[in-house]
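Take a look at the structure below.
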Amino acid sequence: MRALLFLLIKLALLVAGFVWLANHPGTVRIAWEGWQIDTTPALLIGGSFVLALIFYGLIWGFTALRAGPRAWARARRWKQREAGVTALTQGLLALSAGDAPAAKAAIKTVYQGLGDRPVALLLTAQAAMLTQDWPTARQAFTDLSQQPEGAFLGYRGLLSVERATGNDTAALEAARAAQALKPTAPAVLQARLDLAARAGDWADYRQALSLGGETLPADERRHRQAVAALADAKRHEAAGNPAAALVAVDDALASDKAFLPALLAKPRLLTAEGRAEEAQRFAEKHWAKHPHPGFLPYLLTAGDAIGRYRQAEKLL
């Protein structure tokens, strides 16, 4: 309303100006380079106004011609982007419903509208995983891992693909890369610990535990530490160094005093060190809570059958 009022005021002033000029006639003479023009003030002002309008129109038309293609391209890109967002939504809904064909049908439109973005790569990878198209999923997750904003999802996806295809070495590499980006991600931490233990890479196991171990429940963290210490004990024992192996077993039991493999290893190592009586006392101490057959060689030590029978009766 205010804009219309200002427009009417401007038109009224313009008309009033022309009326005033018409009521006050005069002559304007322009002489230039041998040319002479005689006219009235009203005609001169009106002509100047018309020329200004024509000049403004030419400038506007030239600007529109230059900007037109860019504006059309922007509008086209916007339309494609909207189509890409819609297709992405449809693809994600299809994934949640387990409809791989519908998800794959949306992928082309997503790429046309959004380009090679993380969401498009993620949709491609997840749709491929639904149909167990592992090469496509692996490539999409690899491309995703090269993009800063999608790197963690890319390595996390590669971890899933490699584990599904039984490639533990590549899975462990993907787990390392993923944990480097998010050290406390629970699923990645668990996967890396399990893969490192399976591969016997205890240095990698300890590194994973040091990076994200604080996020584990206290009991599980202590148990994981005991597992790593027992691995050291086995390495020292295999190298013929029972003394160092005993130290590592004690470290394992310090972390988890109920860790049965370490409890069974200690009397064996004590015996190897010539400390048979100490091994027997240790086995007797832990037999009540852990009546495992592995303790029996250190408990049934009598030289005759009757003696071993009496020792067994005592244990029972």
Side-chain angles (χ1 to χ4, degrees), residues 163 168-169 171-172 175-176 179 184 186-316:
R163 294 191 81 178
D168 286 353
T169 302
L172 183 55
R176 289 191 195 108
Q179 196 187 19
T184 59
V188 172
L189 172 61
Q190 293 284 359
R192 185 178 178 187
L193 289 171
D194 293 344
L195 288 165
R198 187 182 303 175
D201 190 344
W202 297 105
D204 192 83
Y205 187 97
R206 285 190 185 81
Q207 185 184 33
L209 202 58
S210 67
L211 285 173
E214 294 301 319
T215 63
L216 296 173
D219 289 346
E220 182 180 355
R221 184 173 66 252
R222 288 194 294 269
H223 176 73
R224 295 279 190 178
Q225 291 168 342
V227 169
L230 183 62
D232 279 344
K234 290 181 177 180
R235 178 169 54 83
H236 290 308
E237 186 179 8
N241 190 351
L246 267 174
V247 173
V249 164
D250 286 337
D251 289 341
L253 292 174
S255 297
D256 184 355
K257 62 183 180 180
F259 188 34
L260 186 58
L263 291 172
L264 295 173
K266 185 163 183 177
R268 183 179 70 251
L269 293 169
L270 287 170
T271 302
E273 282 280 272
R275 298 156 63 181
E277 292 183 2
E278 191 176 343
Q280 184 177 8
R281 288 195 300 272
F282 183 88
E284 288 175 349
K285 176 182 177 181
H286 293 281
W287 170 262
K289 287 187 177 181
H290 307 282
H292 191 280
F295 285 125
L296 294 180
Y298 315 102
L299 298 174
L300 304 179
T301 58
D304 61 301
I306 296 298
R308 289 194 296 275
Y309 174 81
R310 289 173 178 170
Q311 286 176 326
E313 191 175 38
K314 180 181 177 182
L315 292 176
L316 290 173

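In this structure a side-chain-to-backbone donor-acceptor pair under 3.5 Å is present from Q311 to A302. A distance-only check finds no donor-acceptor pair linking the side chain of R163 to the backbone of A171 [under 3.5 Å]. Between the side chain of E273 and the backbone N or O of P242 there is no donor-acceptor pair closer than 3.5 Å. A donor-acceptor pair under 3.5 Å is formed between the side chain of H292 and the backbone N or O of G294.
R206 has its side chain within reach of D232: a pair of non-hydrogen atoms, C-beta onward, lies under 4.5 Å apart.
A208 approaches L193 most closely through the heavy-atom pair CB-CD2, 3.9 Å. Contact detail for L230 and A265: the closest heavy-atom pair is CD1-CB, 4.3 Å. The two atoms that bring A312 and L300 nearest to each other are N-CD2, 3.6 Å, heavy atoms only. Residue L172 comes nearest to A196 through the heavy atom pair CD1-N, 4.0 Å, listed as atom of the first residue, atom of the second, then distance. Between A226 and S255, the shortest heavy-atom contact is N-CB, 3.9 Å. The minimum heavy-atom distance linking L260 with F295 is given by the pair CD1-CE1, 4.5 Å.
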*Decide yes or no on salt bridge (Lys or Arg N to Asp or Glu O under 4.0 Å) for D256 and R221, but give the supporting numbers first.*
CA-CA 9 Å; D256 184 355; R221 184 173 66 252; over 6 Å; no

(request) Output, in order, the C-alpha distance, side-chain angles, deciding distance and verdict of side-chain contact (heavy atoms from CB on, under 4.5 Å) for L270 and Y298. (result) CA-CA 10 Å; L270 287 170; Y298 315 102; over 6 Å; no

(request) I would like to know whether R176 and Q207 meet side-chain hydrogen bond (donor to acceptor under 3.5 Å, both in side chains); could you show each step before the answer? (result) CA-CA 9 Å; R176 289 191 195 108; Q207 185 184 33; 5.5 Å; no

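Here the straight-line distance linking atom CG of L296 with atom OG1 of T301 works out to 11.5 Å at 0.5 Å rounding. Distance check: L209 CG to D204 CG gives 11.0 Å after rounding to the nearest 0.5 Å. Between the NE2 atom in H286 and the CG atom in L299 there is a gap of 11.5 Å [rounded to 0.5 Å]. Rounded to the nearest 0.5 Å, atoms CZ (R268) and CG (L246) are 10.0 Å apart. One finds the CZ atom of R275 at 7.5 Å from the NZ atom of K266 (value rounded to the nearest 0.5 Å). Put simply, OG1 on T271 and CD on Q280 are 9.5 Å apart, with the number rounded to the nearest 0.5 Å.
When the shell of 6.0 Å around CD of E220 is examined, it contains more than 12 heavy atoms from other residues, nucleotides or ligands.
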